[in-house]
Each structure stands twice: as C-alpha cells, then as structure tokens.
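In what follows, a structure is listed as structure tokens, so that the remarks can point back to it.
Atoms within a ligand are numbered from 1 in the order they appear, just like the ligands themselves.
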Amino acid sequence: MKNPTMTLIVHGGAYDIPLETHEAHMAGCRRAAEAGWALLKGGGSALDAVEAAVRILEDDPTYDAGYGSFLNANGEVEMDAIVMDGRNLDVGAVAAVQRVRNPVSLARLVMTESEHTMLAGAGAEAFAREHDIPICPVEELVTERERERWHIQSAGTPHEWDGNVRLQAVGLPSDTVGAVAIDAGGNVATATSTGGTFNKHPGRVGDSPLVGCGAYADNQTGAVSATGMGEALMKIVISKQVCDLIAAGMSAQEAADAAIAALAERTTGQGGVIAVDRLGRAGIAHNTPYIAHAYVSAGSEIVAGIRGPNAPMLSEMNK
Ligand code: ASP
C-alpha cells in the first residue's frame, strides 16, 4: 500500500450559507485548519489536530457550536460533541451540555478519563468539574445575534429583523463544525461539535454526538465528520456508511458522494460530509446549497472555500 498522505479537512456547516457570511465561514475554517495543521506538521497526532481545529471553530461565533450556538426553545444553549480515535476505535461524546466552552475537549476527556462513551447534561457538566474543565455561566455562550434571532422567531414576528440577523427556520440545521485528519503515522481521527438545531426541544440530541452518525474513524478505512439534518443523518448512520463504502473499495470522495446520494434517496434530509481515507485522499460531498470547509495535505497550501452545488470534485487534491 502507498504511504498515506498527511491530510486535514475541516467543515463549518452545510446549508444555504448566506452570501454575506461566506467570508467569515472561510476565515474561520482556515484558522482551524492552520491550528490543526501546525500540530500535524510538528509530529502531533490526528486526534490532537482535530480537537485543536474544532476548538477554534467552537470559539468562533460564526458557527453553531460552542460560543454562538443556536438557542433551544427555552432560549438556552445545549451542545453536543464527539471525538473518535481511528487507532483503537475509542470514542468520547457529550450531549446536551450547557456550561462548557469547548464541548469537544470534554468529549475527549470522556473518552480518555471515564469508563463511558457518552455523558449527557448535568452529569457531563459534573464530570467536567471533576476534571477541572472550567464551567461558565450558560449566558456566556449566547451571542447577541442568537438572542435576537430567538426573540424575533419566538415572538412570532419573523419579518421584524434588522438585516443583521439571518432568519433561521425552526428546526433547520446549519453551522455545525467538524474535522478529520490522518497523521504522519497513518492514524485517523475525527471530531464534530454542534449547538444542534435552532429552537429545538430542550433535551433534543441530534446525530453529531452519536458514533457512526455525526462522526466515525477507523484506521482500516478512514475518518468522517457529518453535518446537516440530524434526524435524517442518523437514519442512515451516515459516517459509518462512508467508512463501510471505503472498506468496499471506494475512495473517500466516491464514498462521500455515495453516502450523500443515499441520504437524498432514503430520507428527505439534507447534509454534508467530509472524509479522509487511509491513504490520505480527501472527500467532500453535500446535497445542501453550500458547505464551508478548509483542506490541507502534505505538499499543498491550505485551501478554504464555500463549496457550491456544482463545485468540482476534490480529485485534483487527491493526486
Ligand atoms: N447535525 C446537527 C444536528 O442535527 C446540525 C448541523 O449539522 O448543523 O444537531
């Protein structure tokens, strides 16, 4: 087998990303890729790289993850996150956490420091306290933009907005973030983090923290992170499906395309996936109007972009 090419891909959501926010989406994805890539280049693990990249995206209010997350029907942030290590299939996840700035790091701690795979709600926050992860007031994760969006929509006056607040239909997903990587040792890892869907029922958990749905990583196949309508993505266990298709002989791009085709065919949902296979070949596919992403691999510069419906395949990047 050819030596794997060290590669990192990040995404910042797949939906009808408003044109006026394209720059911010690309800039955030680029910063995240830079952080992850610096670690990989320095000999760091794929796991370190995806965590670092996702932390940058969680801290960036552009995205529906960490600071800037959508608010639920109670007007509160409730976040989900997952990490998976392709070396040993170890997984850590958190669901419906409210007072942690970087849920991805808490998910990693669940993976490494607990006997469990997923912790939810108050129990997850208690675990964070036990492990000296700072707990913040729930309001600290709420941006003015999201507070305003929530007030406008919950007041039932969707047209009274000042133009700075994007109208978000109830239940529609958007700016979830994720990263996949393969390191110099050929190890793959993935991380996904989200505030979930706007105005969701308190306690609603989407695909993001579910293994095989929001993410999957296996050194024998590749690593995948998904975004989109969680209720649909989990029906087809989309991230595991991409890995299974790679196992059946597809490249990352072919597998990503096939899984998104299955999403469109078997559900009414929209979404996107990023994938890297065990050779370091990259794949991005979506049936949403856009997906925000950044990509970098050994020997190439970081490319950040908003991929539209007719975007060329990543085949040129896979050579
Ligand atoms: N998949 C996420 C969820 O359903 C939302 C998103 O990707 O934007 O919670």
Exercise. Is the ring centre of F127 less than 6.0 Å from the ring centre of H116?
Worked result: no
Problem set entry | Among D175, T176, T194, closest by any non-hydrogen atom to atom 6 (C) of ligand 1 | T176
Seminar exercise, completed: Rounded to the nearest 0.5 angstrom, the CG-CD distance for D64 and E146 is 7.0 Å
Exercise. Within a reach of under 6.0 Å around CD of E23, are more than 12 heavy atoms found that belong to other residues, nucleotides or ligands?
Worked result: no
For this session: Return a yes/no value for L233: is any of its N or O atoms, backbone included, closer than 3.5 angstrom to an N or O of ligand 1?
Result: no
Problem set entry | Pairing residues for L39 by the side-chain contact (heavy atoms from CB on, under 4.5 Å) criterion, not counting sequence neighbours | D48, A52
For this session: Ignoring hydrogens, just give me the one of K200, R204, E78 whose non-hydrogen atom is nearest atom 9 (O) of ligand 1.
Result: R204
Exercise. Does any N or O atom in T227 lie less than 3.5 angstrom from one in ligand 1, N or O only?
Worked result: yes
Problem set entry | For D207, atoms of ligand 1 separated by under 4.0 Å from a heavy atom | 1 (N), 2 (C), 3 (C), 4 (O)
For this session: For S208 and ligand 1, answer yes if some heavy atom of the residue is under 4.0 Å from a ligand atom, otherwise no.
Result: yes
Exercise. Would you say G228 and ligand 1 have an N/O pair spaced under 3.5 Å apart?
Worked result: yes
Problem set entry | Listed partners of A256 passing side-chain contact (heavy atoms from CB on, under 4.5 Å), at least two apart | V273, A285
Exercise. If you count the non-hydrogen atoms of other residues, nucleotides and ligands that lie under 6.0 Å from CD in Q220, is the total more than 12?
Worked result: no
